[in-house]
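Notes follow once the structure below has been shown.
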There are 2 protein chains.
Amino acid sequence: MEDFGLYAPVAVTVDVVALTIRDRRLHVLIVERDAEPYAGSWALPGGFLGPGEDLAEAARRELAEESGLGARPAHIEQLGSYGDPARDPRMRVVSVSYLAFAPDLPDPRAGADTATAGWHAVDDLPPLAFDHARIVADGVERARAKLEYTPLATAFAGATFTVSELRLIYETVWGTRLHAGNFHRKVLSVPGFVEATGGTTETGGTRGGPRARLYRAGDARLLHPPLLRPAREEAIR
Amino acid sequence: MEDFGLYAPVAVTVDVVALTIRDRRLHVLIVERDAEPYAGSWALPGGFLGPGEDLAEAARRELAEESGLGARPAHIEQLGSYGDPARDPRMRVVSVSYLAFAPDLPDPRAGADTATAGWHAVDDLPPLAFDHARIVADGVERARAKLEYTPLATAFAGATFTVSELRLIYETVWGTRLHAGNFHRKVLSVPGFVEATGGTTETGGTRGGPRARLYRAGDARLLHPPLLRPAREEAIR
DNA sequence: CTAATAGTGTCTATAAGACAGTATGGT
DNA sequence: ACCATACTGTCTTATAGACACTATTAG
């Protein structure tokens, strides 16, 4: 910390990578920009930090406001800050980005404040404004890693869910197939990951099978032992 | 992203949590402030983001400049951003903080530019300015977690090191004792964690024992399987 | 010599993964 | 009837942790 007064003018924005799972694919919420620069192209929901507003507060506000999502996300955390001097052509802008996990929600309504907003599969995104493609990529990688060590996969599910639904979340986010039987035993063996509600689904699966037991998120904040992704040699080196 | 022009004036600073290990204790680099607010009290090295400067670049500059450290840290990464509206009494300041790991270095020289800087044990810090105590705590927790899944413990060691030195790093950062024999076997069994130089130490330990084989950091970016801390029930729930 | 350290061997408990098998319920 | 699904059982292999043991070197 040094002398005040001679700092360069900087603007701070807050951008949100909101992820959900739809149709067995990971989706991110993006909005269509109506102002320059990048007018007409897609971007993360976000905007300038309000006066007197905390960063996390601003992230929640931007997500609710600009996306038109009624429900709150099940989880939101800081992802990182992006400050390349050339990332915004207008002026120096530092973006503090947040990562949110939401269960599958109805399509955002288009409102007065709400630009065209929609869920897009992360592996088939249109070109994004600024460095938002990079931010999305970082968010997806963070989500993949978090599923290993935390029970946050449950944030993609509803209030109650079956073990198969939970497995589908892991398979979708990781992009791998998991052994159903072993996954089942593993999930139930990690203390505090899930707890049984006592109920079951109303019907069997779409193609048959017994009714599945229902669970809700447990009280664990960390999975111990963790649920590790199959090792990919190229990720390790 | 919305309308420009009506954003609140915000300053962006970059602060660095630089960690090292000295005398079997984890230390953080702090500097004495000579300007208000908090003049005379201790703070993290940091300062305003320069014009045209990237965030990581600013972090490296502040660390080198303000701390008087000659050598570069072995590792630096973004830790997080702190933007509580009341965190700086002067005006709205968002701090983007970085986390650095350094091997045990000589005491920083006091220079023209250099305020009084020094390494302090993280579990015995003087009161810190702003929310820097919180930032240090977050940095320490990040460091603890990173040792589990990444080979970053080697960033606390010199260019070559023994398995015992590496174990001491883990024990110090985690604040636990580890079984020497099992740790030895585990470290050597993780692919790419360390590689033998072929050499050994010149002498045995200070209190006897054979010469230890020397290793350097390997090419792994992730430890697989990870080196997990002994589970602490209170951390999990 | 004694004590401390480096490194290895071995045993046990636990966990991961492959695979099989049973019961249920949709079509 | 058929088949996908929800589990559960069992076997094999890998890993973690406890413990023991040998070899080496400082003092």
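Letters A, B, ... are given to chains in the order of the sequence lines, protein chains preceding strands, and every chain is numbered from 1. Bear in mind that the values here come from a model prediction, so they are computed numbers and not experimental data.
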Practice task
In sequence, state the C-alpha distance, the side-chain angles, and the governing distance for Thr197(A) and Thr160(A), and then conclude on side-chain hydrogen bond (donor to acceptor under 3.5 Å, both in side chains).
Solution key: CA-CA 8 Å; Thr197(A) 66; Thr160(A) 65; over 6 Å; no

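Regarding Arg229(A), its CZ atom lies at a distance of 19 Å from the C1' atom of dG17(C), rounded to whole Å. In this structure, the CZ atom of Phe193(A) is 16 Å from the P atom of dA15(C), given to the nearest Å. One atom, CG of Leu168(B), and another, C1' of dA6(C), lie 15 Å apart when rounded to the nearest Å. Rounded to a whole Å, the CG atom of Leu228(B) is 12 Å from the C1' atom of dA15(C).
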Completion exercise
Per-residue pairing states of DNA chain D in dot-bracket (Watson-Crick or G-U under 3.5 Å; . unpaired, | other strand) read |||||||||||||||||||||||||||

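For the contact set between residues 176-189 of chain B and DNA chain D, defined by any heavy atom under 4.0 Å, the members are His179(B), Asn182(B), Arg185(B), Lys186(B).
Mapping Pro230(B) and Arg211(B) onto DNA chain D via the closest heavy atom, the residue that lands nearer the 5' end is Pro230(B). Between Thr162(B) and Gly209(A), it is Thr162(B) whose nearest contact on DNA chain C lies nearer the 5' terminus. Nearest-nucleotide assignment on DNA chain D puts the 5′-proximal partner with Gly208(A), out of Gly208(A) and Gly204(B).
Note on Thr206(A): only backbone sugar-phosphate atoms sit closer than 4.0 angstrom, heavy atoms only; bases stay farther off.
Side-chain nitrogen and oxygen atoms of Ser164(B) include none within less than 4.0 Å of the OP1 or OP2 phosphate oxygen of dT5(C). Distances shown here put every side-chain N or O of Arg207(B) at or beyond 4.0 Å from the OP1 or OP2 atom of dA3(C). Residue Arg213(B) has a polar side-chain atom (N or O) positioned under 4.0 Å from OP1 or OP2 of dT8(C).
In terms of modelled atom types and a separation under 3.5 Å, the side chain of Thr20(A) and the main chain of Pro103(A) share a donor-acceptor contact.
For the side chain to side chain contact (heavy atoms under 4.5 Å, CB included) test with Phe101(A), the passing option among Ile169(A), Thr154(A), Val173(A), Leu152(A) is Leu152(A); the others fail.
Note that CZ of Arg229(B) is 7.0 Å distant from CZ of Arg144(B), once rounded to the nearest 0.5 Å.
Look at Arg24(A) and Glu171(A) and you find no salt bridge, because none of the NZ, NE, NH1 or NH2 atoms lies under 4.0 Å from a carboxylate O. No salt bridge links Arg61(B) with Glu66(B); every basic N to acidic carboxylate O contact stays at or beyond 4.0 Å.
Taking the six-membered ring for Trp and the full ring otherwise, the centers of Trp42(A) and His132(A) sit at least 6.0 Å from each other.
Evaluation of the salt bridge (charged side-chain N to carboxylate O under 4.0 Å, His left out) test over residues 184-198 of chain A, restricted to residues two or more places apart or in two chains, returns Glu195(A)-Arg216(A).
In this structure, Tyr170(B) and Phe193(B) have perpendicular ring planes: the angle between them is above 60°, well past the 30° mark.
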